[in-house]
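Have a look at the structure below before the remarks.
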Amino acid sequence: MKPRVRFAPSPTGYLHIGGARTALFNWLYARHTGGTFVLRIEDTDAARNSQEAVDVILDGLRWLGLDWDEGPLTGDATGPSKGACGPYFQSQRKQNYQRRVEGLLSRGLAYEHEGAIKFKMPRETAVINDLIKGEIRRDLTDREEADPDFVILRSDGQPVFHLVNVIDDLEMNITHVIRGEDHLINTTKHIALFKAFGVPPPHYAHIPLILNKDGSKMSKRDQGASLTSYTEGGFLPEAVINYISLLGWSPKENREKLSLAETIERFDLPQVFKHNARFDYEKLLWLQGEYARELADDRFYELAVHTFAKAGVDTNPFPLGYVKAALDTCKGKFKTFSELPAYAGFYFTAVIEYDAEAAKKDFVPENKPRLEKLRDAFTHAPAFNAESLEAALKETAKALGVKAGGLVHPCRLAVTGKTSGPSLYHLLQVLGKERVLARIERALGQI
RNA sequence: GGCGUGCUCGUCUAUCGGUUAGGACACGGCCCUCUCAAGGCUGAAAGACGGGUUCGAUUCCCGUGCGCGCUACCA
């Protein structure tokens, strides 16, 4: 039988990076084994539950490219879904829970207590055979010593997590439960429930947690905790996927950067680590830069234009050839797309602003005649391309008896307003003679 | 407090009981260079601690310490 795994998030309004990695490990295992990846929404808590909150999850998974074989098609709990085990929203499965609870009640495996229904937990040492953690034998805690039974149906009739989680896994024929280590202890309850329903429990694989770099617990506000910080922060999904696959798992052989296909091929449950991983934003950034540099041109243009639009920079008035040429000078020079507007905005603004500190340093009287000479050289350059502009600048520098840098810096500041950016000569070529000369002229007026 | 689990450079990790403990990110230096990146070379940086077992422990066992998780009519 092919494995059936599931990702079962609760719609809280955001997708935690740890949750995304849980989804990834489930997805990887399904793809590695040729199994089925099920998405189920655990929306039993009506209070903090909305279609928008579900959409955050669906959109996040789609952005990452983690497609599900079964599950909802939209964030609407009563909407369409695919797969034979629906509905895939717990809010739509109430009658299943009710029926199961009645079954337990009738067989004396559960009982009413103060209006709630409690499950009669076996009084024995629990054993979990975890695919990652190994065999875990667990004695009762002091509180369980007093009362090991737990509530499965609240006094208001609402079923609790342990109950619905088990029933759904059972009815959806889940074979491998891959989830965060925070659920490890719960597993004793879940195994007991499966047994009470007369069904052998699925295999369990508890993956280690992701902590902050300093080892503290990663909470909502911490850097990198929310998936939207990547979707909105100009990251590439392949970079995020690659990075989080390295948290709690290793492809060995000193590999860091892997294609999705390689990760699918190498990934397996027994190789997942037992210890927690810490989130290192710098390393993610490095991978992001690696992938950004290798982007296919079309996708690069699309993402770049979209980024500019979001930043309020309209590239539409400019000819397509100009936009592409401008972007070509930027490729590989920045990591996240969110850096792009500041990096290359000068291509698309009529009036640039000068970096104040740089202006103080470069827009000095002695640079005025130099810039004038450079302007003249550019004016009479045989062609307005990178090659001849470079030659023109270097000849001018030589004639003036200064190093090339002595002209490069003021010139860059004059045409871009900044001290760093794309290759000067290429950027001049893209900007074109008219803009370049006008910008130098304006800068001259500032000196 | 109880129960569970983990521990190799700052971080992610490699290591089938024998290695000058390797790689990557970040950091320092040098080279390249029109800036910034990228790239090349290079440097510093680790087996939590204490006992065993063994000819030999980072590796196996025990203890201590520390981290993390759980300990709900949350999920």
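All heavy atoms count here, side chains included; hydrogens, waters and symmetry mates do not. Note that the coordinates shown come from a computational prediction; the quantities given were computed from them, not determined experimentally. Proteins get letters first, then strands, A, B, ... in listed order; numbering begins at 1 in each.
- Using a 4.0 Å heavy-atom criterion, one finds that A:H409 contacts the sugar-phosphate atoms exclusively.
- A:E114 comes within 4.0 angstrom of a nucleotide base, judged by non-hydrogen atoms across all strands.
- A cation-pi arrangement is not found for A:K283 relative to A:Y243, the charged atom failing to lie both closer than 6.0 Å to the ring centre and inside a 45° cone about the ring normal.
- Of all nucleotides present, only B:G63 satisfies the Watson-Crick or G-U wobble test against B:C49, with each distance under 3.5 Å.
- At the heavy-atom level, A:G215 lies under 4.0 Å from the strands shown only through sugar-phosphate atoms.
- Other residues, nucleotides and ligands contribute only 12 or fewer heavy atoms inside 6.0 Å of the CD atom of A:E353.
- Counting to the nearest Å, the P atom of B:C36 and the CG atom of A:L427 are 15 Å from each other.
- Within the nucleic acid shown, A:S155 comes within 4.0 Å of at least one base atom, counting heavy atoms only.
- Under the Watson-Crick and G-U wobble criteria, each requiring two contacts below 3.5 Å, nucleotide B:G4 is paired to B:C68.
- Applying the Watson-Crick and G-U wobble criteria (two distances, each under 3.5 Å), B:A24 pairs with B:U11.
- Separation of the P atoms belonging to B:G17 and B:U58 is 13 Å when rounded to the nearest angstrom.
- Residue contacts for A:K394: at a heavy-atom cut-off of 4.0 Å it reaches the sugar-phosphate backbone alone, with no base atom in range.
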| side-chain contact (heavy atoms from CB on, under 4.5 Å) between A:Q223 and A:K213, worked out | CA-CA 10 Å; A:Q223 181 183 45; A:K213 192 166 180 181; over 6 Å; no
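- Base contact: A:A116 has a heavy atom under 4.0 Å from a base atom.
- A:G19 comes within 4.0 angstrom of nothing in the nucleic acid, heavy atoms only.
- At a threshold of 4.0 angstrom between heavy atoms, the contacts of A:K252 are confined to the sugar-phosphate backbone, with no base atom among them.
- Per the geometry, CG belonging to A:D280 stands 15 Å off P belonging to B:A24, to the nearest Å.
- Between A:K213 atom NZ and B:C27 atom P there is a gap of 10 Å when expressed in whole angstrom units.
- Across all strands shown, A:Y343 has heavy atoms under 4.0 Å from base atoms, whether or not it also approaches the sugar-phosphate.
- Contact annotation for A:L424: base contact, defined as any heavy-atom pair under 4.0 Å involving a base atom.
- Minimum interatomic distance between A:T379 and A:K433 (heavy atoms only, all atoms of both residues): O-NZ, 2.9 Å.
- Within a 6.0 Å radius of CD in A:Q95, more than 12 heavy atoms belonging to other residues, nucleotides or ligands are found.
- Across B:C34 and B:A46, the matching P atoms stand 39 Å from one another, rounded to whole Å.
- Comparing A:H275 and A:V151 along RNA chain B, the residue whose closest nucleotide (by nearest heavy atom) sits nearer the 5' end is A:H275.
- For A:R138, whose side chain is taken as the heavy atoms from C-beta onward, the closest listed nucleotide among B:C34, B:C3, B:C73 is B:C3.
- Annotation: B:C68 and B:A48 have their C1' atoms spaced 16 Å apart (nearest Å).
- Base contact: A:N186 has a heavy atom under 4.0 Å from a base atom.
- One N or O donor and one acceptor, one from the side chain of A:R412 and one from the base of B:C34, sit under 3.5 Å apart.
- Between the NZ atom of A:K133 and the C1' atom of B:C70 there is a distance of 12 Å, given to the nearest Å.
- Between A:H183 atom NE2 and B:C70 atom P there is a gap of 9 Å when expressed in whole angstrom units.
- A cation-pi arrangement is present between A:R100 and A:F197, with the terminal nitrogen or guanidinium carbon under 6.0 Å from the aromatic centre and inside a 45° cone about the axis.
- Side-chain contact annotation: A:Y354 with A:Q446, donor-acceptor N/O pair under 3.5 Å absent.
- The residue among A:R293 and A:E282 whose nearest nucleotide of RNA chain B is located toward the 5' end is A:E282.
- Among the protein residues, A:P9 comes within range of no part of the nucleic acid, since none of its heavy atoms lies under 4.0 Å from any strand.
- With a 3.5 Å ceiling on both atom-pair distances, B:A38 lacks any Watson-Crick or G-U wobble partner.
- Rounded to whole Å, the P atom of B:C49 lies 15 Å from the corresponding atom of B:U11.
- With rounding to whole Å, A:K333 atom NZ is found 10 Å from B:U33 atom C1'.
- Side-chain proximity of A:I136 to the nucleotides B:U13, B:G4, B:A38 is greatest for B:G4.
- Note on A:K217: only backbone sugar-phosphate atoms sit closer than 4.0 angstrom, heavy atoms only; bases stay farther off.
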